[in-house]
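Model, not experiment: these values are computed from the prediction.
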Amino acid sequence: MPGCLWVIGLLCVWPALMVLLGYPLARSARRQARLRFPAHHHRRYQDPEVWRVQRTRAWVALVASFLILAAYGTEADWAEVQDQYLFRLVVTPWLLLLTAPVVILVLFRLAPPHARPGMRARLRPAVRSVLWYFGAFTAVPLLFAGVMLLGRTYENSRLSPLITLALLLPVLWVLFFVVFASTTALRTAFNTADAHAALPALLTGVLVWELAGINLAVAGTPPGPPVVQFCAVLGGPASVTAVAWWEITRLRTRYGVTLRG
């Protein structure tokens with residue numbers, strides 16, 4: 001078949017083929033991601049009031065950011081928003097991987113000696129979740145590089161587009177798995193609530209300041225006068241920390257969960 005006919009055929013069939021292949025891959029990856037990272041492990045103690053306050057704070061922060069950009073932002077500032085979002089999406093899992101052991105070590109030091117073996121045993125599912133997530137996260141670029149190397153072997157073949165598509169299917173599945181797993185893994189802090197109910201709140205309070213510092217070093221201050229910049233830089237992490245500490249307080253007063261026990 002002439003090359004021009006291949007191009008015309010691919011342009012007509014490619015979108016429908018991607019939908020037909022992508023949908024079952026996405027469903028399969030989502031099912032496996034929910035098995036490895038169950039959403040109900042977000043908190044050991046479900047508190048609807050905490051959920052409402054967290055959602056309200058998130059919406060207020062989103063509206064405040066939009067108003068600051070609308071009032072003082074330039075075209076470059078609007079373009080930078082997407083880059084910052086992608087940057088945080090890539091950096092947050094690795095930052096959590098480095099931060100979690102430090103916070104867990106502090107909790108272990110605070111806990112009495114008789115409570116540490118139980119905490120250590122309940123930490124194993126979180127370790128497995130971390131290995132699953134970062135194994136899949138690392139596999140995406142490695143598999144893609146392997147597909148590119150194998151694709152060069154068949155680049156002179158007439159079936160090269162179909163061979164490349166078949167090789168890309170595993171990469172696409174793992175990518176879907178990482179996307180669906182991220183929505184739960186980061187929110188649940190890799191199921192660390194199994195080890196200690198206050199761990200997700202503690203990790204959130206520490207991570208938000210680390211991300212704020214990294215974002216300030218990479219992207220600089222937000223637009224606007226100095227007062228607006230100060231509030232925008234400190235308001236977000238300060239409000240998240242306040243909500244996290246309030247959640248820890250409710251765990252202590254309502255469920256008897258203490259940082260030392």
Side-chain angles (χ1 to χ4, degrees), residues 42-43 50-107 109-110 126 129-130 133-134 137-138 140-141 178-179 181-193 196 198-249 259:
H42 179 43
R43 294 290 188 269
V50 172
W51 280 101
R52 283 194 291 269
V53 172
Q54 288 175 342
R55 285 196 298 267
T56 302
R57 194 224 66 86
W59 279 107
V60 170
L62 183 63
V63 172
S65 300
F66 176 79
L67 292 177
I68 291 174
L69 284 175
Y72 306 106
T74 62
E75 186 175 349
D77 294 324
W78 284 99
E80 193 178 353
V81 171
Q82 184 177 0
D83 296 336
Q84 291 181 7
Y85 174 77
L86 295 176
F87 176 76
R88 290 185 181 184
L89 194 64
V90 174
V91 169
T92 301
W94 300 99
L95 195 60
L96 181 60
L97 180 65
L98 297 175
T99 304
V102 178
V103 177
I104 291 172
L105 181 61
V106 171
L107 276 182
R109 297 291 295 177
L110 291 175
S129 298
V130 169
Y133 183 84
F134 285 96
F137 196 92
T138 308
V140 173
V178 171
V179 171
S182 298
T183 59
T184 304
L186 298 181
R187 190 173 69 250
T188 61
F190 297 106
N191 301 328
T192 51
H196 196 293
L199 256 177
L202 286 173
L203 286 172
T204 301
V206 175
L207 272 175
V208 70
W209 287 103
E210 294 175 340
L211 285 172
I214 293 174
N215 191 65
L216 186 62
V218 173
T221 57
V227 176
V228 174
Q229 292 178 344
F230 179 82
C231 294
V233 171
L234 296 182
S239 60
V240 172
T241 304
V243 173
W245 188 252
W246 175 68
E247 179 184 355
I248 294 173
T249 303
L259 296 180

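- Considering all non-hydrogen atoms of both residues, Thr241 and Trp209 come closest at OG1-NE1, 2.7 Å.
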Between side-chain atoms of residues 56-71 and protein atoms elsewhere (two or more places apart, or another chain), which donor-acceptor pairs fall under 3.5 Å?
{"from": "Thr56", "atom 1": "OG1", "to": "Arg52", "atom 2": "O", "distance (Å)": "2.8"}
{"from": "Arg57", "atom 1": "NH1", "to": "Ser239", "atom 2": "OG", "distance (Å)": "3.0"}
{"from": "Ser65", "atom 1": "OG", "to": "Ala61", "atom 2": "O", "distance (Å)": "2.9"}

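- In terms of heavy atoms, Ala198 sits closest to Ile248 at CB-CG1, 4.3 Å.
- Contact check for Val50 versus Trp246: side-chain heavy atoms found under the 4.5 Å cut-off.
- Leu107 contributes atom CG, which lies 5.5 Å from atom CG of Leu202 (distance to the nearest 0.5 angstrom).
- Heavy-atom neighbours of Trp94 CH2 from other residues, nucleotides or ligands within 6.0 Å: above the threshold of 12.
- Here the straight-line distance linking atom CG of Leu105 with atom CG of Leu110 works out to 9.5 Å at 0.5 Å rounding.
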Residues 225-236, side-chain donor-acceptor partners within the protein, below 3.5 Å, at least two apart:
{"from": "Gln229", "atom 1": "NE2", "to": "Pro222", "atom 2": "O", "distance (Å)": "3.0"}
{"from": "Gln229", "atom 1": "NE2", "to": "Gly224", "atom 2": "O", "distance (Å)": "3.1"}

Taking only distance into account, with no hydrogens and no angle test, what donor-acceptor pairs under 3.5 Å do side-chain atoms of residues 96-103 form with protein atoms, sequence neighbours excluded?
{"from": "Thr99", "atom 1": "OG1", "to": "Leu95", "atom 2": "O", "distance (Å)": "2.7"}
{"from": "Thr99", "atom 1": "OG1", "to": "Glu210", "atom 2": "OE1", "distance (Å)": "2.7"}
{"from": "Thr99", "atom 1": "OG1", "to": "Glu210", "atom 2": "OE2", "distance (Å)": "3.2"}

